[in-house]
Amino acid sequence: MTTLSIVKDAVAELTAAYQVGNRVIVPVLVTYPGGTMVQLLVEGGADTFVVSDGGGALRCYLAQGGQGARALRLLQEAARRHGVACNDDGWIFESAVDAGRLPSALSAVADASVRGAGTLLSHLRPRNVADFRPVLDRMIRSTFEGRVKRDAIVLGASNKEHRFDYALRVDDRRTVLIDAVLPDPSSINAAIVAHLDVRIMHVEDTTRAIVQKIIYDDRLEWSSADLALIRQGATPIAYSSIANDPSQIIA
C-alpha cells in the first residue's frame, strides 16, 4: 500500500459525509478552539443548497462557559466580515449554493465558523467551569445502564493491570474502554500509558474488538500538544459533542 493510498483512505474515512433526516452532515478537517471537529450541514433540493455550521460556533462558545447577550451580535458581525450570514439562532450559513460552488461554500462557512467561535471567546468572558466528570458519570450510567462497568481492570501488554473509568459492553464482541481527562499532566499521562499498553496487548486479537476512547472537557483550555498526546492514546471525544447525547460514545 502506497503512502498516497494510506492518506486517501484516512482522509476519506475522517471526512465521509452522512445523512441525518433531510440534511447531509459533512465533517471537515478543521477544529474549533478546544479541538472539536467542525461539522457542516447541507440542505436543499436539486438545484441549490444551503450550507451551514448548524450553530457550531455558538455551541463551542457556550460549551466553554460563554454567556452574554452580545454573543449573537458579535457572531453575526464576524460572519458578515467573512462574506457569509448568521441567522437569529446563531447558525452561520451561505444560501443559494449550486452544486459547482459546494466545495468553496463548505470551505467559506467552515472558516467563518471557526473564526466566529474565536471572536466570541476572545471578546466575552467565560464563566467558571465545574469538573465535568460527575455529570458525565451520571449520563453514562443512565444511558448504558446494565452494560457499563465503573473502574474496570484490563491487562496490558506489559503484564500490568490498568484501571479504566468505564468498560462499556456494546455487544458480545465489542467493548469500549473509556477514560475522562482534564488538562492536567498526571491525568493525561495516566490515561495515555494505560491505553497504549492495552492497545498493544489486543492489536492482534481477532476474537473480540477493544475500542478505546478518551473524553476531554473542551470547555477548558487545552494546548495542541496535550490534544496530540490524547490522540496517541485513544480516539478523543470532546465533552460538548456528547453532553446532550452520550450514546454517541459508541457511534
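In this structure, the salt bridge (Lys or Arg N to Asp or Glu O under 4.0 Å) partners of D111, at least two apart in sequence or on a different chain, are R115. Every residue was checked against the salt bridge (Lys or Arg N to Asp or Glu O under 4.0 Å) condition with R147, not counting sequence neighbours, and none meets it.
Of all heavy-atom pairs spanning S104 and R101, the tightest one is OG-O, 3.0 Å. Smallest separation of non-hydrogen atoms from C60 and Y32: SG-CB, 3.7 Å. Closest approach of A57 to G116, counting heavy atoms only: CB-C, 4.5 Å. The two residues G233 and Q212 have their closest heavy-atom pair at O-NE2, 4.2 Å. The two residues A180 and F132 come nearest to each other via the heavy atoms CB-CZ, 3.8 Å. Shortest non-hydrogen contact noted between M201 and A157 is CB-N, 3.4 Å.
Here the CG-OG distance, from L182 to S187, works out to 5.0 Å after rounding to the nearest 0.5 Å. Atom CG of residue L155 and atom NZ of residue K160 lie 11.5 Å apart, to the nearest 0.5 angstrom. Note that CZ of R199 is 11.0 Å distant from CG of D197, once rounded to the nearest 0.5 Å. A distance of 13.5 Å separates CG of L168 from NZ of K149, quoted to the nearest 0.5 Å. For the atom pair I230 CD1 and H195 NE2, the distance stands at 10.0 Å (nearest 0.5 Å). Annotation: the span from S113 atom OG to Q39 atom CD amounts to 11.5 Å, rounded to 0.5 Å.
V114 is not connected to I25 by any chain of hydrophobic side-chain contacts under 4.5 Å among Ile, Leu, Val, Met, Phe, Trp and Tyr, and they are in different clusters. Side-chain heavy atoms closer than 4.5 Å link hydrophobic residues (I, L, V, M, F, W, Y) into clusters, and following such links, even through other members, never connects L227 to V193. No continuous path of ILVMFWY side-chain contacts below 4.5 Å connects L102 to W91, so the two sit in separate hydrophobic clusters. Cluster annotation: I242 and I140 are assigned to the same hydrophobic cluster (Ile/Leu/Val/Met/Phe/Trp/Tyr, side-chain heavy-atom contacts under 4.5 Å, transitive). In the hydrophobic clustering of ILVMFWY residues, with side-chain heavy atoms under 4.5 Å counting as a link, L121 and V30 come out together.
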Inset, instruction - Would you check, one step at a time, whether the test side chain to side chain contact (heavy atoms under 4.5 Å, CB included) holds for I215 with I249? - result: CA-CA 9 Å; I215 302 174; I249 293 171; 4.0 Å; yes
Inset, instruction - Evaluate the side chain to side chain contact (heavy atoms under 4.5 Å, CB included) criterion for residues F164 and I178: first the C-alpha distance (whole Å), next the side-chain angles of each, then the deciding distance (0.1 Å), finally the verdict. - result: CA-CA 6 Å; F164 293 87; I178 304 165; over 6 Å; no
Legend entry - Worked check of side chain to side chain contact (heavy atoms under 4.5 Å, CB included) between L75 and T119: CA-CA 7 Å; L75 194 59; T119 296; over 6 Å; no
Inset, instruction - Mind running side chain to side chain contact (heavy atoms under 4.5 Å, CB included) on V181 and W222 for me, showing each step along the way? - result: CA-CA 11 Å; V181 299; W222 286 80; 3.8 Å; yes
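No side-chain heavy atom of F144 sits less than 4.5 Å from a side-chain heavy atom of R169. Residues V84 and F93 form no side-chain contact, since every pair of their non-hydrogen atoms from C-beta on lies 4.5 Å or further apart. Taking 4.5 Å as the limit, every side-chain heavy atom of Y166 sits out of range of all side-chain heavy atoms of K213. Put simply, the side chain of V24 does not reach to within 4.5 Å of the side chain of F49, judged on heavy atoms. Taking 4.5 Å as the limit, every side-chain heavy atom of I188 sits out of range of all side-chain heavy atoms of Y216. Side chains of V211 and V176 form a contact here, defined as non-hydrogen atoms less than 4.5 Å apart. Between V20 and L41, the closest side-chain pair of non-hydrogen atoms is not below 4.5 Å. Contact of the I237 side chain with the Q248 side chain is not registered, since no non-hydrogen atoms from C-beta on lie closer than 4.5 Å.
Side chain of N87 to main chain of D89: a donor-acceptor pair is present (N/O by atom type, distance under 3.5 Å, no hydrogens or angles). D179 places no side-chain N or O within 3.5 Å of a backbone atom of I214 that could act as its donor or acceptor partner. Judged by distance alone, with hydrogens and angles left aside, the side-chain atoms of R150 form no donor-acceptor pair with the main-chain N or O of D137 at under 3.5 Å. Put simply, the side chain of S142 gets close to the backbone of M139: a donor and an acceptor are under 3.5 Å apart.
Partner I92 forms a side-chain contact (heavy atoms from CB on, under 4.5 Å) with one of L40, V51, D53 and no other, that one being D53.
Within a 6.0 Å radius of CD in E145, no more than 12 heavy atoms belonging to other residues, nucleotides or ligands are found. Crowding of D88 atom CG: a count of heavy atoms from other residues, nucleotides or ligands under 6.0 Å not exceeding 12. Summarising the local packing, CG of D171 is surrounded by more than 12 heavy atoms from other residues, nucleotides or ligands at distances under 6.0 Å.
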